[in-house]
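Reckoned from all heavy atoms, side chains included, excluding hydrogens, waters and symmetry mates. Chain A is the first sequence line, chain B the second, and so forth, proteins listed ahead of strands; every chain is numbered from 1.
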Amino acid sequence: MQNLLENLNSEQLAAVTLPDQSALILAGAGSGKTRVLTTRIAWLIQTGNLTPGGVLAVTFTNKAAREMLTRISAMLPISTRGMWVGTFHGLCNRFLRAHHRDAGLPQLFQILDSQDQQAAIKRLLKALNVDEEPREAQYFINAAKEEGKRAKDVEIGDEITRRKAEIYAAYDEQCQREGVVDFAELLLRTYEVLSRNEVLREHYRARFHHILVDEFQDTNRLQYRWLKLLAGPKNVMFAVGDDDQSIYRFRGANVGNMAEFERDFRVENVIRLEQNYRSQGNILSAANALIAHNKKRLGKNLWTSAGSGEPVRIYEAQSDAYEASWLTEEVQSLKRSGLRLAEIGVLYRSNAQSRIIEHALFSAGMPYRVYGGLRYFERMEIKHALAYLRLAANPDDDGAFLRVANFPARGIGARSLEALQDAAKAGGASLYKAASGLSGKAGASVAAFVRIVDSLKAETQQLPLPETVEVMLERSGLLAFYKAERDGADRVENLNELVNAAAAFINEAEEHDLSAFLAHASLESGENQAAEGTDALQLMTVHSAKGLEFSAVFATGLEEGLFPHEQSALEDDGLEEERRLMYVAITRARTRLYLCHAQTRMLHGQTRYNVASRFIDEIPQEVVKRLTPPMRSVAERGRFDDQAWAPAPEKAFKAKTAGHGFRIGQAVQHPKFGQGVIVNAEGSGTDARLQINFGKQGMKWLALEYAKLTAGS
DNA sequence: TAATTAGCAATTTTT
DNA sequence: TTGCTAATTA
């Protein structure tokens, strides 16, 4: 026991050893949050307060769940089998498999990931013959479900909402008919079962005496209600989170849950973990000063016992290309000084920004790895393979049927499928069932496909999972198809990898059947990119960097309009969320932090002229060091062009002037809006209008004749 | 049925 | 500018 609690600081210790009452732990970045969470579980068990089976611990990612289990196993000589540790979705899946009857689901229900859901919605809209944006409908449905609302519960304010609610109702019917559930449905269905079934509810309430939640600031309304329902009046909730790192509001995360939790659970103990074990002093000062600009906070200040360390470096580049090539050189010099590339993170606000950075890195022969984009189980060929497996498990899965009926091509065209869909609709049956009634030429090719599905189902019934996958790859013709393709080598490799994935799954998971594997594939989208053995620079968005840390961090593209993103200005509370995002970026760094911005940037095929992000100004001067002379205008820039800090220009900067003395890129002063940069110009003479980026004041079109503009400093 | 082309829009994305 | 979808053509 002494061992467990060794080396905890006093706040961590207090959190770990809290008495049996609900608590909120405000855990700052790098404050040992996971350690507290896992030690708390281990301590409860070791002191006899709790049996492993009484633990319910919820995370947002599979990675975090695995990490938690590993750490608990390392601390205690017990099996973690009986614990419920997992993601909200994973745990709900487990619950619904166990109680599928009560939930009104088939035993082998399938899980739709976002991609599958979108496809299902598209199919539905087509069948209903309504003209609606699938994305819109998907957003509407998920938002409603996350509010805990069924179609009938949606408040109908106007015609548009009424239409969407109708689509929602039809979508739910379709899912029910096909035996599939989407991500939000996993949660909502579980919530509904627990609400109406008192026996089950009491059973789980009696079982999970302690409920622990990680990343609590990211919970949505439904997840919070789910937790509340499960906790009941007696159980103990231990919620760990950081309101300053709440960056997923656009996905439904509701920071307000933290305050609500304090009230609902009459939390007496709000413990703040403010000692940071990651970053050096100046970096933390920058983070603290920045986030202090936010009004809606629970309040927290990070500190460290490490020294102040290096200053925060600010680099101003002439263009996005300069930024990228400077970054490349800087990384090279860091590498020479002994830093591993994997210890360096390059962060940006949006994925589009990676392109130019990649270009520079690639030209310099610098190994890098980009996170984000397609993941293993999201790849097209894997989706196809999974569709065959889904049909083997449940032939009535229309989504899977449509996906692969004619892939590889076997003469089932759009017309055949339409005929089939009509027949299915008329008979109220699945496509698979309707297929036997089809006659003529179309009937023959469809029948051939049905035979493939049937033989797959029959042959794999008794086979172990990896062999099932192998048989499927052969029988479906997928392997043969990609082998014949010119550039199919990667896809063939990915498909073969699926056999390994199945083998790995039966080694690790408790259940070995096909539908468990399919659920796994839906819930765990897999690695972001095949891990390379080589040491590589890490490129990612700030969002995907959350939870990670690097010795050195480059935060790039810190410009008004980009970061904070211009779209955020339209959203309520948008700027504060952008600032939290910046806070996340800063707190990823251990010893060295670079903040970079460029004066011009190619965006959507046009050169944009940007001023530095306000977030840079919100960092105290005492902790920063400017690597470039503070430059105010493009006009002045020439003087610095040949200085050592500037890499060789790739191409001359283009600026146009319309005969009135002002030119694009020039800094100007306006009596009301202050300093800005001319971004665009139109007309000439008395018609001349200038578009000026005033940073905080926004982008404005001003008539030259009336605007009292003077050249800026 | 497949392949080409025009048009369009363009944050962030744990499951 | 890019990458995706929808419409058009061989």
Could you give the distance separating C/dG3 and B/dT14 at their C1' atoms, to the nearest angstrom?
-> 25 Å
Partner of A/M258 under side-chain contact (heavy atoms from CB on, under 4.5 Å), chosen from A/T219, A/D243, A/D242 = A/D243
Among the candidates B/dT15, B/dT14, B/dT11, find the nucleotide nearest to the side-chain atoms of A/D218.
-> B/dT14
Give me the ring orientation class for A/H520 and A/F505: parallel if the planes are under 30° apart, tilted from 30 to 60°, perpendicular past 60°.
-> tilted
Ion pair A/E559/A/R601, N-O distance below 4.0 Å | yes
Would you mind reading off the distance between A/E418 atom CD and B/dT1 atom C1', rounded to a whole angstrom?
-> 14 Å
Work out which heavy atom in A/R410 is nearest to a heavy atom in A/S445; give both atom names and the distance.
-> O-CB, 3.6 Å
Which nucleotide, B/dA2, B/dT12, B/dA10, lies nearest any side-chain atom of A/N406?
-> B/dA2
Ignoring the backbone of A/K122, work out which of B/dT15, C/dT5, C/dT1 is nearest its side chain.
-> C/dT5
Please state whether the phosphate of B/dT14, meaning OP1 or OP2, lies under 4.0 angstrom from any side-chain nitrogen or oxygen of A/S544.
-> no
What stem regions, each of at least 3 consecutive Watson-Crick or G-U pairs below 3.5 Å, can be found for DNA chain B?
-> B:1-10 with C:1-10
Report yes if at least one side-chain N or O of A/N62 is closer than 4.0 Å to OP1 or OP2 of B/dT14; otherwise report no.
-> no
Among C/dT5, B/dT15, B/dT11, find the nucleotide with the atom closest to the side chain of A/R349.
-> B/dT11
Under 5.5 Å and under 30°: A/H565 stacked on B/dT11 | yes
For A/S525, which contact category applies under a 4.0 Å heavy-atom criterion: base, sugar-phosphate, or nothing?
-> sugar-phosphate
Looking across every strand, which nucleic acid part, if any, lies under 4.0 Å from A/Y248 by heavy atom: base, sugar-phosphate, or nothing?
-> base
Presence of donor-acceptor pair under 3.5 Å, side chain of A/R251 and base of B/dT15 | yes
Mind telling me whether A/H99 and A/Y204 have parallel, tilted or perpendicular rings, with 30° and 60° as the class edges?
-> perpendicular
Distance between P atoms of B/dT12 and C/dT5 (Å, rounded) = 16 Å
Is A/V584 close to A/I247 at the side-chain level, that is, under 4.5 Å between some pair of heavy atoms?
-> yes
Please answer whether B/dT12 and A/F250 are stacked, defined here as ring centres separated by less than 5.5 Å and planes angled under 30°.
-> yes
Tell me whether B/dT11 sits syn or anti, counting syn as a glycosidic angle within 90° of 0.
-> syn
Stacked cation flag A/R614 on A/F563, 6.0 angstrom / 45 deg = no
Separation of atom CG in A/L539 from atom P in B/dT12, rounded to whole Å = 14 Å
Base, sugar-phosphate, or nothing for A/A409, non-hydrogen atoms under 4.0 angstrom?
-> sugar-phosphate
Pick base, sugar-phosphate or nothing for A/E578, based on heavy-atom distances below 4.0 Å to the nucleic acid.
-> base
If you check the A/E571 side chain, which of B/dT15, B/dT11, C/dG3 turns out closest?
-> B/dT11
Establish, with yes or no, whether the OP1 or OP2 oxygen of B/dT12 is under 4.0 angstrom from a side-chain nitrogen or oxygen of A/R249.
-> no
OP1, OP2 of B/dT15 versus side-chain N and O of A/N220: anything below 4.0 Å?
-> no
Distance check: side-chain N/O of A/T87 vs OP1/OP2 of B/dT14, anything under 4.0 Å?
-> no
Could you check which of B/dT12, B/dT14, B/dT15 has an atom nearest any side-chain atom of A/T541?
-> B/dT12
Would you say A/N351 reaches B/dT11's phosphate, i.e. side-chain N/O to OP1/OP2 under 4.0 Å?
-> no
Pair A/Y248 and A/H543, ring centroids less than 6.0 Å apart | yes
Any A/R375 side-chain nitrogen or oxygen under 4.0 Å from OP1 or OP2 of B/dT13 = no
